[in-house]
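These notes are about the structure you will find just below.
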Amino acid sequence: MISFATVGTGWITESFIQAALESKQMQLAAIYSRSIEKAQALADTYNAPHYFTNIEEMAQSTGIDVVYIASPNALHFQQVLPFLKNNKHVICEKPIFSTFAEWEEAHRVAEENGVYLFEAIRNIHTPNFQILKDKLSLAGTLRSAMLSYIQYSSRYDKFLNGETPNVFSAEFSGGALVDLGVYPLYIAVGLFGAPKKVTYHPVLLRSGIDGSGTLVLEYDGFVCTILCSKIAHSSQQSEIHGENGTFVLSEAAPISDVTFIDSHTKKAQVLSLEQAVKDMVYECVTFARIIETGNNREYETLKNWSRTVLTITEEARRQNGIVFGAEK
Ligand SMILES: NC(=O)c1ccc[n+]([C@@H]2O[C@H](COP(=O)([O-])OP(=O)(O)OC[C@H]3O[C@@H](n4cnc5c(N)ncnc54)[C@H](OP(=O)(O)O)[C@@H]3O)[C@@H](O)[C@H]2O)c1
């Protein structure tokens, strides 16, 4: 059984704890929060034996194998390092880091200390993503794809009222592409690999980050367009078009359904399975398997995808003068 600890006390941390416990591969060892009351309350809710308000102290403590980090994006790098340096594996929420320089340095430290550093991105670990990957050749020669994650954020109302929530802040490495666009982007990178060319067309907000945007990934004979937004609502499906057929996904995350439509017969075939409601359980199972078995091949694949995704989002920001606090 793998012992895990958590950093950050937002709703996503509770989702992760519940999924990790449901995976039956992990047990909760400790909680960190800046607030002792919050740390204690979450520890009590899930029977964690320890809680901390000092990251260094938690990093140095024994009885923790892996730490899940779900703090604002800009803090990931500084919070990941103490754990890696103390030989603890890390599962860090998406987007893993603000810059590629941080990504390289953190992976160097992970390697030096013989531990794994995972990016928590829920959609690519699901059975339905694997089905899509396994069946992709049904579509024949790929010609276009339109993958989207468009979700009006309740935090946008605060932004419109003059506040700057972390996810809309350049100081905290926010924005639509790194927050939501990474889900369809991971699908693209996982299925099609690294593109030859990247172009990003954002809608910039007063804080300097992208409230929405269109990312164009060019491949040989094939173009993938990614739409992301935190400032509008959409019911648009995602599609992958090949000469022989089209895959239709109602959402990029979670990938709750996958249908294949034959180009010639127009016959639709549902390929997807019903997935667990707590879909973070799939990433927990993957990370636990890699930690337990030391499966470096699987780890290197995930690491390459994480590297490619961050390289693309960094290039997209560079093209549009979106500068994070970590870069100033
Ligand atoms: N996988 C998913 O589906 C999913 C969903 C949502 C979010 N996320 C990711 O999870 C991470 C956290 O997102 P979120 O929306 O929960 O962020 P958030 O609400 O801004 O902050 C999360 C936690 O970080 C701590 N924190 C907040 N501001 C801080 C500051 N200025 N300095 C130090 N600690 C601070 C707080 O915990 P304490 O007060 O207890 O210290 C807070 O509960 C992000 O990377 C996001 O992309 C992933």
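Order of listing sets the numbers, starting from 1, for every ligand and every atom in it.
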| query | For ligand 1, is there an N or O atom under 3.5 Å from any N or O atom of Gly10? | reply | yes

| query | When you look for heavy atoms under 4.0 Å from ligand 1, do you find them on the side chain of Thr9, its backbone, both, or neither? | reply | both

| task | Evaluate salt bridge (Lys or Arg N to Asp or Glu O under 4.0 Å) for Asp210 paired with Lys230, printing each intermediate quantity in order. | result | CA-CA 9 Å; Asp210 48 333; Lys230 292 187 70 67; over 6 Å; no

| message | Below 4.0 Å from ligand 1: does a non-hydrogen atom of Phe16 turn up there or not? | response | no

| Where on Trp11 is there a heavy atom closer than 4.0 Å to ligand 1, on the side chain, on the backbone, on both, or on neither? | side chain

| Arg155 contact mode with ligand 1 (heavy-atom cut-off under 4.0 Å) | side chain

| request: Decide, yes or no, whether a salt bridge links Asp279 with Arg122 under the criterion of side-chain N to carboxylate O below 4.0 Å. | output: yes

| Tyr282 and Phe129 aromatic centres sub-6.0 Å | no

| Contact (N/O only, under 3.5 Å) between Arg122 and ligand 1 | yes

| note | So the atoms of ligand 1 within less than 4.0 Å of a heavy atom of Asp179 turn out to be 47 (O)

| Would you say Pro72 touches ligand 1, if touching means a heavy atom closer than 4.0 Å? | yes

| Starting from atom 36 (C) of ligand 1, which protein heavy atom do you reach first, and at what distance in Å? | Arg34 NH2, 3.5 Å

| Which is it for Leu75 and ligand 1 at heavy atoms under 4.0 Å: side chain, backbone, both or neither? | side chain

| Relative to ligand 1, is Tyr183 under 4.0 angstrom through side chain, backbone, both or neither, heavy atoms considered? | side chain

| Does the protein put a heavy atom less than 4.0 Å from atom 43 (O) of ligand 1? | yes

| message | Does Glu274, at its CD atom, have more than 12 non-hydrogen atoms belonging to other residues, nucleotides or ligands within less than 6.0 Å? | response | no

| message | Below 4.0 Å, non-hydrogen atoms only: which portion of Lys38 touches ligand 1? Side chain, backbone, both or neither. | response | side chain

| Heavy-atom count around Lys328 NZ within 6.0 Å, excluding the residue itself: above 12? | yes

| Nearest neighbour in protein (non-hydrogen) for atom 45 (O) of ligand 1 | Asn73 OD1, 2.6 Å

| request: Could you tell me the residue and atom name of the protein heavy atom closest to atom 22 (C) of ligand 1, and the distance to it rounded to 0.1 Å? | output: Ala70 O, 3.5 Å

| query | Does ligand 1 have an atom under 4.0 Å from some heavy atom of Glu37? | reply | no

| said: Looking at Glu163 and Arg155, is any side-chain nitrogen of the basic one under 4.0 Å from a carboxylate oxygen of the acidic one? | reply: no

| Electrostatic pair Lys196:Asp220 at N-O distance under 4.0 angstrom | yes

| said: Between Arg289 and Glu292, does any side-chain N to carboxylate O distance fall below 4.0 Å? | reply: no

| said: Does Lys135, at its NZ atom, have more than 12 non-hydrogen atoms belonging to other residues, nucleotides or ligands within less than 6.0 Å? | reply: no

| task | Report yes if the side chains of Thr313 and Leu185 come closer than 4.5 Å at any heavy-atom pair, otherwise no. | result | yes

| field | atom 11 (C) of ligand 1 - nearest protein heavy atom and its distance | value | Ser71 O, 3.3 Å

| field | Nearest-0.5 Å distance that lies between atom OG in Ser71 and atom CZ in Phe77 | value | 13.0 Å

| Of the choices Lys94, Glu93, Glu171, Met280, which has the non-hydrogen atom that lies closest to atom 47 (O) of ligand 1? | Lys94

| Counting only heavy atoms not in Gln78, do more than 12 sit closer than 6.0 Å to its CD atom? | yes

| query | Rounded to the nearest 0.5 Å, how far does SG of Cys92 lie from CD1 of Ile69? | reply | 5.5 Å

| query | Is the closest heavy atom of Ser35 to ligand 1 under 4.0 Å? | reply | no

| Proximal ligand 1 atoms for His76, defined as those under 4.0 Å from one of its heavy atoms | 45 (O)

| query | To which protein heavy atom is atom 18 (P) of ligand 1 closest, and what is the distance rounded to 0.1 Å? | reply | Asn166 ND2, 4.2 Å

| task | Give a yes or no on whether Arg297 atom CZ has more than 12 heavy-atom contacts from other residues, nucleotides or ligands under 6.0 Å away. | result | no

| task | Answer with side chain, backbone, both or neither: which part of Ile121 has a heavy atom less than 4.0 angstrom from an atom of ligand 1? | result | neither

| field | Which of the ligand 1 atoms, numbered from 1, are nearer than 4.0 Å to a heavy atom of Phe172 | value | 31 (N)

